[in-house]
Amino acid sequence: MQYWLMKSEPEAFSIQDLKKNKTTGWDGVRNYQARNLMRDQMQIGDRVLFYHSNAEPPGVVGLAEVSKTGLVDPSQFDPASKYHDPKADPENPRWIMVEIAFLEQFKQIVSLPEMREMAELDGMMVLQKGARLSVQPVSEAHFKLICARAGSQIQKSQKTKK
DNA sequence: GCCAACGTTGGC
DNA sequence: GCCAACGTTGGC
């Protein structure tokens with residue numbers, strides 16, 4: 001299983017929205033590196049740290065899992081969408097997305113300043129200067145550290161099962 | 001609201 | 001294929 005961090009501005013789509021909707025197609029990604037990760041690397045069941053960017057404070061607010069892969073992002077063909085891509089070809093769509101499913105909203109968010117203080121998270125991509133990539137790979141160790149810090153119920157129950 | 005970092009575009 | 005100009009991201 002692989003681990004990821006996905007950024008969303010809470011004003012656009014928050015963890016509360018995901019909780020309410022249960023699942024969501026991760027549309028609107030218009031960065032090739034992020035697309036390639038979704039298209040080529042992500043697998044059903046992968047765990048996702050849900051990250052609020054442009055928030056006060058920014059940080060990891062919950063958990064999701066990849067529930068569908070290889071979906072065509074419909075917004076590329078929608079002229080009314082701000083993600084409309086006039087160069088997108090319906091015969092050969094360029095923007096591929098995944099669907100993620102809600103798992104948990106953390107009781108305690110793990111804020112960016114807090115993460116910066118955790119020496120064990122050294123090297124984590126989201127902490128690098130200028131790390132704008134909205135879909136990022138996360139190591140298992142970093143993933144677990146953040147879940148532990150958040151008091152994640154899901155991670156706890158997983159541990160007792162094993 | 002500022003601005004550094006970064007990705008993309010398009011002229012050449 | 002280079003690279004300057006421009007737009008966007010996102011922390012602060």
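As the structure is a computational prediction, the values presented were derived from the model and not from experiment. Each chain gets a letter, A, B and so on, in the order the sequences are listed, and its residues count up from 1. Values below: all heavy atoms of this structure, side chains included; hydrogens, waters and symmetry mates excluded.
The rotation axes computed at either terminus of the helix from B:dG1-C:dC12 to B:dC12-C:dG1 lie 10° apart, taking five pairs at each end and rounding to 10 degrees.
For the pair A:Glu114 CD and C:dC12 P, the computed distance is 14 Å after rounding to whole Å. For the pair A:Lys7 NZ and C:dT8 C1', the computed distance is 12 Å after rounding to whole Å. With rounding to whole Å, A:Gln33 atom CD is found 10 Å from B:dG7 atom C1'. Computed from coordinates, the A:His52 NE2 to C:dG10 C1' distance equals 14 Å when rounded to whole Å. One can place CG of A:Leu5 at 16 Å from P of C:dT9, the figure rounded to the nearest angstrom. As a whole-Å value, the separation of A:Arg30 CZ from C:dT9 C1' is 16 Å. Regarding A:Leu112, its CG atom lies at a distance of 10 Å from the C1' atom of C:dG10, rounded to whole Å. A:Met6 has its CE atom 16 Å from the P atom of C:dT9, to the nearest Å.
In this structure, A:Phe106 has no ring-ring contact (aromatic ring centres under 6.0 Å, His included) partners at least two apart in sequence or on a different chain.
Two residues, A:Lys129 and A:Lys87, neighbour DNA chain B, and the one matched to the more 5' nucleotide by heavy-atom proximity is A:Lys129. Each of A:Arg132 and A:Asn54 was assigned the nucleotide of DNA chain B with the nearest heavy atom; the assignment lying further toward the 5' end belongs to A:Asn54.
Using a cut-off of 4.0 Å between Lys/Arg side-chain N and Asp/Glu carboxylate O, A:Asp73 and A:Arg39 are scored as not salt-bridged. At a threshold of 4.0 Å, the pair A:Arg94-A:Asp85 counts as salt-bridged, since one of the basic side-chain nitrogens sits closer than that to a carboxylate oxygen.
Close to C:dT8, at under 4.0 Å from its OP1 or OP2, lies no side-chain N or O of A:Tyr83. For A:Arg116 and C:dC12, the shortest distance from a side-chain N or O to OP1 or OP2 is below 4.0 Å.
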Hey, can you pull the donor-acceptor pairs under 3.5 Å for the side chains in residues 16-28 of chain A, sequence neighbours left out?
| unit_1 | atom_1 | unit_2 | atom_2 | d |
| --- | --- | --- | --- | --- |
| A:Gln16 | OE1 | A:Ser14 | OG | 3.0 |
| A:Asp17 | OD2 | A:Ser14 | N | 2.9 |
| A:Asp17 | OD2 | A:Ser14 | OG | 3.3 |

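Partner of A:Trp4 under the side-chain contact (heavy atoms from CB on, under 4.5 Å) criterion, out of A:Met38, A:Gln136, A:Gln41: A:Gln41 alone.
With rounding to the nearest 0.5 Å, the separation of CG in A:Leu133 from CE in A:Met6 is 10.5 Å.
Side-chain polar atoms of A:Arg30 and A:Ser75 form a donor-acceptor pair below 3.5 angstrom.
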